[in-house]
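Step one of this worksheet: look at the structure below.
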Amino acid sequence: MQENSSTFKIPSFAKREVYNFDATKETFEIYEELNAIAEEIEKCRARNY
């Protein structure tokens, strides 16, 4: 079925919500932990491949 062509859709240039990724000590520790987990997963994948 054809979409209604009587309305013209214009893209929105409204600003989207942006997350704050400032590296505080707490967030840096979380990123370090996540990187360590990712490295361990990569080692397991390489070993099982």
For this session: Find the distance between CG (Leu34) and OG1 (Thr27) and round it off to the nearest 0.5 Å.
Result: 11.0 Å

For this session: Apply salt bridge (Lys or Arg N to Asp or Glu O under 4.0 Å) to Glu29 and list each qualifying residue two or more places apart in sequence or on a separate chain.
Result: Lys25

Problem set entry | CD (Glu26) with more than 12 external heavy atoms under 6.0 Å | no

